[in-house]
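Just so it is clear, the values below take in all heavy atoms, side chains as well, and ignore hydrogens, waters and symmetry mates. The chains referred to below are lettered A, B, ... by the order of the sequence lines, with proteins before strands, and numbering in each begins at 1.
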Amino acid sequence: MSGGVRDQIQQALVDAVRGLGVEGDIPDLELGRAKVAGRGDYASSAGLKLARQLRQDPKAIAVRVAETVTVPEGAASAQADNGYVNFRLTDGWLRRLVAHVASGAGRYGARDLGRAERLQVEFGSVNPTGPLHIGHGRGVTLGDSICRLLTFTGHQVQREYYVNSDNTQTRRFGASVYARLHGVEPPEGGYTGDYVKELAEMARHDLPGIGDLPEEEAEPKLRMYAIDRMVDRIKATVARVNVRYDEWYYENRLWESGLPQAAIDRLRESGNIKEREGALWFGEPDDEEEDRVVIRANGQPTYFASDLGYLLNRFEQRGFNRVVEVWAADHHGYVPRMKSAVAALGFDEQKLVVILHQMVNLKEGKMSKRAGRFVTLDELIDRVGSDAVRYFYLLRSPDTTIEFDLELAVTQGNENPVYYAQYAHARLTNVEGAAKERHSQLPENANVGLLTQPWELDVARQLAFWPDVIEDATLLLEPHRIPYYVHDLATAVHRFYHAGNAQSDHRVVVDDVALTRARLELCRAARHTLKTALDLMGVSAPERM
RNA sequence: GCCCCGCUAGCUCAGUGGAUAGAGCAUCUGUCUUCUAAACAGAGGGUCGGGGGUUCGAAUCCCUCGCGGGGCACCA
């Protein structure tokens with residue numbers, strides 16, 4: 001029962017279709033949630049899908065499928081309807097599901113979709129040259145929830161932040177700190193925020209004699225010092241939204257291990273490295289169109305060189321089967337280049353999975369990190385709280401640009417959907433206490449057969465859908481499906497609870513201890529599932545509000 | 001010029017090629033002496049950006065045009 005009932009129905013459908021004598025490939029039977037009320041819980045267009053192949057009337061096919069299909073455990077009954085086959089979850093199965101989920105201690109929905117696959121998710125890896133702003137928050141929460149999902153579904157996940165330390169931007173950063181140390185303005189293109197002045201003062205204190213060194217010697221020291229301080233700050237910020245990393249992987253480790261050079265050597269052998277205009281380029285052997293510089297004419301490598309080494313590091317040295325990259329959409333042009341680099345290095349392109357998310361804009365105007373004008377993620381958390389920040393980010397598909405309306409975000413009220421879900425959880429927790437106060441002795445086991453009201457079975461019905469959501473969200477790497485599910489489950493919970501407000505014998509806690517116990521079973525099942533879903537979002541599940 | 005994302009209710013957004021396109025907010029109308037009203041019940045609100053095409057069936061796939069955002073570095 002721990003797998004999804006949808007999968008069981010799917011398999012039963014295929015078996016039934018085979019029973020009709022269909023051989024070879026079976027087309028997608030389009031099993032999905034029934035969208036029209038009164039037509040059941042799941043629907044398949046099996047009749048329509050098979051009509052051509054069988055050269056028969058879709059309605060007749062659907063009738064035969066519905067007559068012969070057998071869903072395991074009597075979980076669902078089938079009815080043919082105009083070429084469709086509709087499935088209705090049976091009350092008996094829903095009741096058993098309640099007992100199953102209640103005893104599952106929050107593991108319901110967990111499935112082994114990963115078979116212990118080792119994979120790395122790299123996310124949030126912003127140049128450590130300033131604090132995270134509200135755009136970065138999206139990548140951080142998205143990446144984190146993807147990790148939570150993958151872990152929940154049987155993958156071995158490593159969460160990594162790649163710390164740039166040797167590129168042009170971080171050098172400018174170091175030079176900017178150097179300038180502030182000597183009381184002058186940062187150079188053109190440098191970082192002008194006040195935090196750079198603070199870093200300079202901290203460095204003056206922590207690095208004795210730093211002010212006496214010439215820039216060539218001072219800048220690398222100041223840069224690494226400042227990067228470490230920024231990494232500390234970024235760690236603290238992401239911790240506020242319940243994000244932690246397994247590894248903060250510094251770019252300079254790549255250079256020390258010689259991996260970028262090794263990668264370049266390998267690509268030279270495969271014909272993907274060419275010399276032109278004094279620089280080294282990466283590209284297809286017989287095509288200059290898409291070539292990109294790896295080593296500049298001045299001998300300095302580009303970020304692309306370190307990324308090549310980083311690929312070797314992860315796929316060979318550390319042996320990840322897949323690497324998931326979470327990038328903001330302004331990096332989309334980099335995806336084909338990285339994919340072709342993966343292939344040219346001799347790996348399967350599919351092993352590099354890139355999740356792009358659209359930008360986060362402020363209605364007030366654009367952000368500019370270098371100018372030091374931005375709304376930081378810290379400020380956003382201060383204003384609306386960690387839970388709302390995470391829920392708000394995760395609610396949206398990565399493909400949607402977020403137009404951040406600060407005025408709206410700072411108003412705390414019932415327009416904030418996170419409270420709706422948390423309130424459902426708090427109510428369920430509260431009623432448990434109320435039951436214990438009212439009945440000193442409750443039966444050890446619940447008789448779920450006493451759950452007969454439609455609003456009770458509707459809660460169970462929502463629970464039945466949870467494994468489907470987990471499966472879809474995992475395979476598509478789309479965490480935004482979770483908050484939408486949470487809302488649906490919370491709605492069913494609120495209706496169930498409210499039935500007791502309308503009529504007191506529909507309360508959870510009633511005189512009948514057996515009935516109370518059965519309803520508590522439902523409460524526990526729903527509460528565990530809400531908690532699990534909120535955990536996957538990194539949102540708290542309060543016990544009282 | 002080329003590439004990517006978006007365009008769905010007044011607003012913000014969901015929506016694996018299936019049946020009558022959904023939710024929240026906002027607006028309007030009801031519901032608390034009894035387990036939490038941060039809740040519940042109901043109402044109104046739509047040329048799914050325009051136009052072609054594929055299909056038994058298109059918000060969904062293809063083509064094209066428009067609008068908005070992002071990217072096309074020896075920045076990352």
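Residue-level contact check: F304(A) touches neither bases nor backbone, having no heavy atom under 4.0 Å from any strand. Among the protein residues, H331(A) comes within range of the nucleic acid bases, having at least one heavy atom under 4.0 Å from a base atom. Counting any heavy atom pair closer than 4.0 Å across all strands shown, D166(A) reaches no nucleic acid atom. Using a 4.0 Å heavy-atom criterion, one finds that A43(A) contacts the bases of the nucleic acid, with or without backbone contacts as well.
C4(B): glycosidic angle beyond 90° from 0, hence anti.
A donor-acceptor contact under 3.5 Å is not formed by the side chain of H332(A) with the base of C5(B). If you check distances only, the side chain of Y423(A) never reaches the base of A38(B) with a donor-acceptor pair under 3.5 Å. Checked by distance alone, D399(A) brings no side-chain donor or acceptor within 3.5 Å of a matching partner on the base of A14(B).
Q169(A) and Y191(A) share a side-chain donor-acceptor pair at under 3.5 Å.
Atoms CG (D468(A)) and C1' (U16(B)) sit 12 Å apart, rounded to a whole Å. Atom CD1 of I402(A) is separated from atom C1' of C13(B) by 11 Å (rounded to the nearest Å).
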Between the protein and nucleotides 56-60 of chain B, which nitrogen or oxygen pairs come in under 3.5 angstrom?
| unit_1 | atom_1 | unit_2 | atom_2 | d |
| --- | --- | --- | --- | --- |
| C56(B) | OP1 | R52(A) | NH2 | 2.4 |

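Comparing A41(B), A37(B), A76(B) by their nearest atom to the side chain of R427(A) picks out A37(B). The nucleotide whose nearest atom lies closest to any side-chain atom of D81(A) is, among A37(B), C5(B), A19(B), A19(B).
Judged by centroid separation below 5.5 Å and plane tilt below 30°, Y484(A) does not stack onto the base of A14(B).
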Under the 3.5 Å Watson-Crick or G-U criterion, the dot-bracket string of RNA chain B, with | for inter-strand pairs: (((((((..((((....[...)))).(((((.......))))).....(((((..]....))))))))))))....

